[in-house]
Amino acid sequence: MDTSQFIQRDETCWEIPPHGRMRVPAVIYADAHLLQQMDQKVYEQLSNVAMLPGIVEAAYAMPDAHWGYGFPIGGVAAFDPELGGVVSAGGVGFDISCGVRTLHTGLNTDDLQAHKQALADALYRMIPAGVGSRGRIHLNHQTMQGMLKGGAQWALAQGYGEPQDLERIEEHGKMAGAEPNYVSARAKERQKDEMGTLGSGNHYLEVQRVAEIFDQDAAQVFGLQTDAVVISIHCGSRGLGHQIGTEFLKQMAVSAPQHGIALPDRELACAPLDSSLGNQYLGAMRAGINCALANRQIITHLTRQAVAGIFPDAHLSLLYDVSHNTCKLEQHEIGGKKKGLFIHRKGATRAFGPGHPDLPPVFQAVGQPVLIGGSMGTSSYILCGCKDSEKRAFGSACHGAGRAMSRRQASKQWRGKTLIETLAAQGIIIRSQSMRGVAEEAPPAYKDVDSVVDIAELAGLARKVARLEPMICIKG
DNA sequence: ATGTTC
């Protein structure tokens, strides 16, 4: 889009001043090139978000932002319940609590070389991936309620994982305030055979090597060294999250007029935080967060089993687990005063800096790990939160490379088989059930993750710690 | 993202 529509505040901060029904400005963190690459829809969607009741400070977009459903993906917005603030199902997204976790393996690149194919096969066999994939775990009514209430803590109690995993998951693995009774029977039905599955789209499990370290001190705290092998898992709440999103979006759109809300876009359906519907969505959405946390915990268990079959002495310890589709009540300073705000992050990662009370002791000195999944075949990054990020976008950073092209366009332009062959020639093994899915994920269909991350750092959203390169990718 | 057009 045209950069002249913005007031450039500094090198990476582009502002849309409030006009029309906008209550606050809209701000995009990007450089001129990333901004030009973004669809004009990002401008419109972010301006619409700035019109919603009770929004404070500004509607923000991260450098990886692109056109989404209602809210842009890469969007961050905070709402004050005391100012008539709202919660929006479109502001969280369909894949509730989609996120990334990264595991240390204790192996290095040389250990892996001779066993690469075998490990790819073992992981692909062990972890179901693709549309409608089903797992080996089947939940009944009681275990479903327990999972929705307990998240990764529930999964651990079922035998999936290790106790020390928990402190390295946001919310200690269990999102408080989940209300399984606000999750429909249909959402639960869709989920009962889907625990421990990756799903499709941009979801993946990737075996990666640490290719570059930018910050030795933070890397040491995070346990990262050059040539170490790590495994990253990117997935979410599967059919359950999608069903919750679908149902509440509809209800929020229908009831907006009776809540006195004139929606700038039907896709921005929302409900007041103090309404019954808003409260029900929060309870269901938090249960969806627990579903995603439990799912990533179970996949971790399956990953440990697959790796143990080839490297019996390897111990996989969790670095961290972050969610990037959430709405959370957090304390932030507005005009010098601490306030409880509902922070929507849609395709945006929490990036709390050093000393934040919500971080476990191990990360107090350097800030939380911010896990950035790149596109297929390209680098991923590990960043850390910094003090500034709390002033820039409520403690948030980008979540990935961000699409530059639609799935439809990408699937017309590339062939999955060719892409897999090209990547194989670079030593990257791709395993996927869907050649169309692979084509949709073609690296050039995404923005350049290196520049997205550089701009995120320049904007003070997070600081670079390490760059990872893919070796094996199990693709959803 | 999604039992990929409830």
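What you are looking at is a predicted structure, and each value in this text was computed from that prediction instead of being measured. Basis for what follows: all heavy atoms, side chains included, without hydrogens, waters or symmetry-related copies.
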S.K.: Under 4.0 angstrom, heavy atoms only, what part of the nucleic acid is A:G245 near: base, sugar-phosphate, or nothing?
M.R.: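 No contact.
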S.K.: Please classify the nucleic acid contact of A:G93 as base, sugar-phosphate, or nothing, using heavy-atom distances under 4.0 Å.
M.R.: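 Touches nothing.
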S.K.: Once you apply a heavy-atom cut-off of 4.0 Å, does A:R436 come out as touching a base, just sugar-phosphate, or nothing?
M.R.: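 Counting heavy atoms under 4.0 Å across all strands, no contact is made by A:R436.
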S.K.: Between P on B:dT4 and CZ on A:R408, what's the gap in Å once rounded to a whole number?
M.R.: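 The answer, rounded to whole Å, is 17 Å.
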S.K.: Does the ring center of A:Y182 lie less than 6.0 Å from the ring center of A:Y281?
M.R.: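 Centroid separation for A:Y182 and A:Y281: 6.0 Å or greater.
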S.K.: If a pair satisfies ring pair (Phe, Tyr, Trp, His ring centres under 6.0 Å) and one of its residues is in residues 403-424 of chain A, list it, with sequence neighbours excluded.
M.R.: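 Checked against ring pair (Phe, Tyr, Trp, His ring centres under 6.0 Å) - neighbours excluded - no pair reaches residues 403-424 of chain A.
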S.K.: Does a side chain donor of either A:D39 or A:H66 reach within less than 3.5 Å of an acceptor in the other side chain?
M.R.: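 Per modelled atom types, A:D39 and A:H66 side chains form no pair under 3.5 Å.
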S.K.: In whole Å, what is the span from the CD1 atom of A:I244 to the P atom of B:dC6?
M.R.: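 After rounding, the gap between these two atoms is 20 Å.
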S.K.: Sequence neighbours left out, what passes salt bridge (charged side-chain N to carboxylate O under 4.0 Å, His left out) with A:D265? Give chain and number order.
M.R.: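 With sequence neighbours excluded, A:D265 shows a salt bridge (charged side-chain N to carboxylate O under 4.0 Å, His left out) to no residue whatsoever.
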S.K.: Give a yes/no on whether any side-chain N or O of A:R407 is located under 4.0 angstrom from OP1 or OP2 of B:dT4.
M.R.: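 So the side-chain polar atoms of A:R407 never come under 4.0 Å of the phosphate oxygens OP1 or OP2 of B:dT4.
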S.K.: Under 4.0 Å between a side-chain N/O of A:S200 and OP1 or OP2 of B:dT2, yes or no?
M.R.: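 Looking at the OP1 and OP2 atoms of B:dT2, one of them is under 4.0 Å from a side-chain N or O of A:S200.
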S.K.: Quick one: label A:E194 by what it contacts on the DNA or RNA (base, sugar-phosphate, nothing), any heavy atom closer than 4.0 Å.
M.R.: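 Result for A:E194 = sugar-phosphate.
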